[in-house]
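Read through the structure below, which is laid out as structure tokens, and then see the notes.
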2 protein chains.
Amino acid sequence: MELDERKMTILQAVVRNYLETGEPVGSRTISKYTDLNLSSATIRNEMADLEEMGYIVQPHTSAGRVPTDKGYRLYVNCMLSEKEKEVDEIKDVLLKKEEKLDDLLKQAAKVLAVNTNYATMISSPRYRENKLKFIQLSRVSDNQLLAVIVTEGNVIKNHLIETEDALDDETLLKLNLLMNTNLTGLSVEEINLPMVAVLKKQAGVHSDIVGNVLDAVCEAIHSDEDLEIYTSGANNILKYPELADRERAGELIHAFEEKEPLTELALGSLASQSTGIQVYIGDEAPIESLKDCSIVTATYELEDGIKGTIGIVGPKRMDYDKVVGTLKQIKNQLDDLYKKG
Amino acid sequence: MELDERKMTILQAVVRNYLETGEPVGSRTISKYTDLNLSSATIRNEMADLEEMGYIVQPHTSAGRVPTDKGYRLYVNCMLSEKEKEVDEIKDVLLKKEEKLDDLLKQAAKVLAVNTNYATMISSPRYRENKLKFIQLSRVSDNQLLAVIVTEGNVIKNHLIETEDALDDETLLKLNLLMNTNLTGLSVEEINLPMVAVLKKQAGVHSDIVGNVLDAVCEAIHSDEDLEIYTSGANNILKYPELADRERAGELIHAFEEKEPLTELALGSLASQSTGIQVYIGDEAPIESLKDCSIVTATYELEDGIKGTIGIVGPKRMDYDKVVGTLKQIKNQLDDLYKKG
DNA sequence: TATTAGCACTCACTGATATCGAGTGCTAAC
DNA sequence: GTTAGCACTCGATATCAGTGAGTGCTAATA
């Protein structure tokens with residue numbers, strides 16, 4: 001059987017209607033809803049076909065139709081390709097400038113949640129291929145050294161090192177010079193074993209300190225695992241009956257609280273390379289516990305290569321149009337605000 | 001009317017039974033449950049008295065009794081004063097040692113949540129009366145300075161400062177010396193305006209940098225507002241029908257996600273000076289959105305004056321005995337682990 | 001005088017039954 | 001190919017009687 005234009009129109013009408021009402025939609029509704037000027041009987045026949053093709057189902061005999069994942073997918077694909085062309089009209093979703101990046105991100109998540117009524121998440125940007133910019137070793141007290149490590153993206157890491165006995169100023173200066181001259185501008189991959197050996201040798205009795213600092217450097221740059229995730233509006237989950245039963249809601253809330261699953265999602269979305277919008281419907285979701293939901297993610301990019309993920313989790317009958325629009329807008333704003341700031 | 005010992009026994013039995021079952025408890029149940037050897041009729045008379053005194057209520061005529069907030073309060077007071085004496089038996093709630101303090105805290109929240117099946121929170125410790133230990137100003141790039149501020153409790157703060165033009169090494173050294181000699185060992189309260197004026201004067205053209213650093217110092221030490229809150233098991237809320245309706249659960253989940261309300265709670269608990277256990281029942285809660293819950297908090301103390309709050313939020317019919325016991329245990333462990341580490 | 005047995009009464013809860021109506025598929029007419 | 005008409009399905013809602021756990025009150029009892 002073929003999916004002609006009329007069937008497509010009817011499918012779209014079914015999906016739209018279902019998104020609005022959340023109730024199975026019947027033939028009579030569609031007959032009035034569309035401008036096809038067809039009787040409900042005709043629509044019924046078409047709907048029977050659409051069901052056979054797997055785009056819609058009846059929850060039970062004598063009920064209207066509900067889109068399947070496949071139906072949503074088709075709808076979303078069409079919608080997205082239309083959105084491509086269309087210029088995004090300006091909506092009033094606005095971010096204020098914030099001092100700190102993480103405050104800005106928190107705010108973005110919140111604004112998105114309030115505007116869409118879904119649960120939202122945003123990951124801190126991930127600095128790929130990051131290079132060392134600056135190392136500073138200072139004596140904090142007689143037996144404590146502080147290593148401050150700054151990387152290209154201005155990510156700052158602190159690391160306290162316990163020492164046996166106090167180092168004098170001269171030694172400290174020497175160590176600082178040694179490390180900065182040898183390591184600045186390098187990424188972790190470029191710091192290899194021979195280099196480490198040379199450094200340690202030059203450090204003499206203080207080779208353990210160098211080792212310690214290098215470990216901290218490694219951790220600071222290779223910060224895949226400490227991708228920060230900020231969430232907002234997890235309670236919105238409870239607004240959608242199809243997600244609000246104890247079992248499901250519990251899992252979702254848990255995922256939003258623990259954040260590990262969301263980290264996966266963020267990393268996955270980043271890995272996919274696409275800068276655009278990604279939509280996961282039901283089973284397509286990369287996270288087991290979100291498989292009854294739809295997820296829409298976007299990748300924002302603060303500067304070249306400094307990317308993060310922003311996403312929305314909601315019921316499958318999500319207002320995709322609105323979500324995609326709002327997401328794009330926030331994404332653009334994030335970009336702009338940072339460049340200006 | 002007087003609350004004699006028998007009434008007290010009956011009240012306790014009612015509360016215990018209700019905690020277990022969550023169902024209104026009737027006179028016959030109590031008659032069997034206690035070893036008072038009284039008929040249900042006698043119990044009924046006593047229960048009528050207890051109701052008149054405001055310790056229990058009937059949800060409706062022809063139902064058993066349920067404790068009121070006042071009833072819970074009496075029960076908890078008795079329980080706590082008994083717990084005082086009793087030596088805590090060793091349970092197997094164990095924390096593993098962690099590298100970083102925040103990992104340890106996260107773990108504590110999680111363990112507590114898993115063990116009790118309630119929602120839990122823990123605040124990072126708050127360093128009161130904190131003194132400055134060390135300031136380091138370094139040049140990161142031509143127009144960026146990095147101020148690293150270390151306080152007595154080894155809390156490290158970083159602050160990036162943009163500069164018009166590059167400072168040479170000598171000036172930098174001078175500024176560092178200036179600030180360290182003048183400020184080390186002082187608390188924010190001790191850094192007054194005349195002192196700031198003198199510093200700025202000595203800094204000459206770089207007075208703006210000094211001002212900038214001082215702001216950062218102030219923020220670093222006076223870190224009331226950035227008390228970190230870690231939560232776990234917020235989804236446990238959904239396990240208790242009396243909290244699981246959309247309205248209430250939404251509010252609770254929201255509180256646990258936004259964390260601001262919990263910060264209030266933590267600060268309040270710290271302010272109360274008590275090192276022991278605090279129990280808030282229903283309306284007693286300092287947070288509006290938690291007024292249908294009970295909250296049990298404890299103050300942990302890593303070192304002298306370095307205190308944080310750990311707390312549990314659950315339904316009013318909470319297993320207070322177990323919660324208090326577990327909380328005490330975790331509290332002790334937190335203390336020990338840190339001292340050893 | 002305190003306790004208890006007995007009894008009438010209350011009321012949430014359960015399950016059976018009836019009714020309603022939105023929606024379907026099919027057939028026959030247009 | 002489209003549509004009107006009709007019988008049929010089945011979830012949702014309302015009604016109602018029956019059940020049982022629980023109460024308060026009264027009168028008998030130790």
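To find a chain, count down the sequence lines: A is the first, B the second, and so on, and within it residues start at 1. Just so you know, these numbers use all the heavy atoms, side chains as well, and skip hydrogens, waters and symmetry mates.
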Check: Can A:Asp292 and A:Glu251 be said to form a side chain to side chain contact (heavy atoms under 4.5 Å, CB included), step by step?
Finding: CA-CA 11 Å; A:Asp292 295 313; A:Glu251 267 188 54; over 6 Å; no

Exceeds 12 heavy-atom contacts within 6.0 angstrom, atom [atom1] of [X]:
X	atom1	value
B:Arg317	CZ	yes
A:Asn37	CG	no
A:Asp35	CG	no

Margin query: Show every ring pair (Phe, Tyr, Trp, His ring centres under 6.0 Å) that has at least one partner inside residues 27-70 of chain A, sequence neighbours left out.
Written below: none

Next item on the list: Determine the contact category for A:Ser40: base if any of its heavy atoms lies under 4.0 Å from a base atom, sugar-phosphate if only primed atoms, P, OP1 or OP2 are that close, otherwise nothing.
Entry: nothing

To the nearest angstrom, how far is [X] atom [atom1] from [N] atom [atom2]?
X	N	atom1	atom2	answer
B:Asn37	C:dT3	CG	C1'	13 Å
A:Glu23	D:dG11	CD	C1'	12 Å
A:Tyr18	C:dG23	OH	P	14 Å
B:Ile43	C:dA2	CD1	C1'	13 Å

Notebook entry, point to check: Under the side-chain hydrogen bond (donor to acceptor under 3.5 Å, both in side chains) test, which residues partner B:Asn117, sequence neighbours left out?
Noted result: B:Lys239

Pairs: protein N or O with nucleotides 13-19 of chain D N or O, under 3.5 Å:
none

Next item on the list: For C:dT4, take OP1 and OP2 only and decide whether either is under 4.0 Å from a side-chain N or O of B:Thr42.
Entry: yes

Notebook entry, point to check: A:Glu46 and A:Ile30: side chain to side chain contact (heavy atoms under 4.5 Å, CB included), yes or no, with the steps?
Noted result: CA-CA 11 Å; A:Glu46 294 287 40; A:Ile30 299 298; over 6 Å; no

Margin query: Holding to side chain to side chain contact (heavy atoms under 4.5 Å, CB included), I want the full list of residues that pass it with A:Thr61, two or more places apart in sequence or in another chain.
Written below: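 If we apply the side chain to side chain contact (heavy atoms under 4.5 Å, CB included) test to A:Thr61, skipping adjacent residues, there are no hits.
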
Next item on the list: Could you please spell out the steps behind the salt bridge (charged side-chain N to carboxylate O under 4.0 Å, His left out) verdict for A:Lys316 and A:Glu242?
Entry: CA-CA 9 Å; A:Lys316 287 195 234 176; A:Glu242 62 264 53; over 6 Å; no

Next item on the list: Can you see which heavy atom on A:Arg246 is nearest to which on B:Leu238, and at what distance?
Entry: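 Result for this residue pair: CD-O, 2.7 Å.
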
N/O to N/O distances under 3.5 Å, protein versus nucleotides 25-30 of chain C:
| unit_1 | atom_1 | unit_2 | atom_2 | d |
| --- | --- | --- | --- | --- |
| C:dG25 | OP1 | A:Arg65 | NH2 | 3.0 |
| C:dG25 | N7 | A:Arg44 | NE | 3.0 |
| C:dG25 | O6 | A:Arg44 | NH2 | 3.2 |

Check: Where do B:Ser39 and B:Thr42 land on the side chain to side chain donor-acceptor pair (under 3.5 Å) test, with the steps shown first?
Finding: CA-CA 5 Å; B:Ser39 77; B:Thr42 314; 3.2 Å; yes

Enumerate the protein-to-nucleotides 9-11 of chain C contacts in which both atoms are nitrogen or oxygen and the separation is below 3.5 Å.
| unit_1 | atom_1 | unit_2 | atom_2 | d |
| --- | --- | --- | --- | --- |
| C:dT10 | O2 | B:Ser62 | OG | 2.8 |
| C:dC11 | OP1 | B:Thr61 | OG1 | 3.1 |
| C:dC11 | O4' | B:Ser62 | OG | 3.0 |

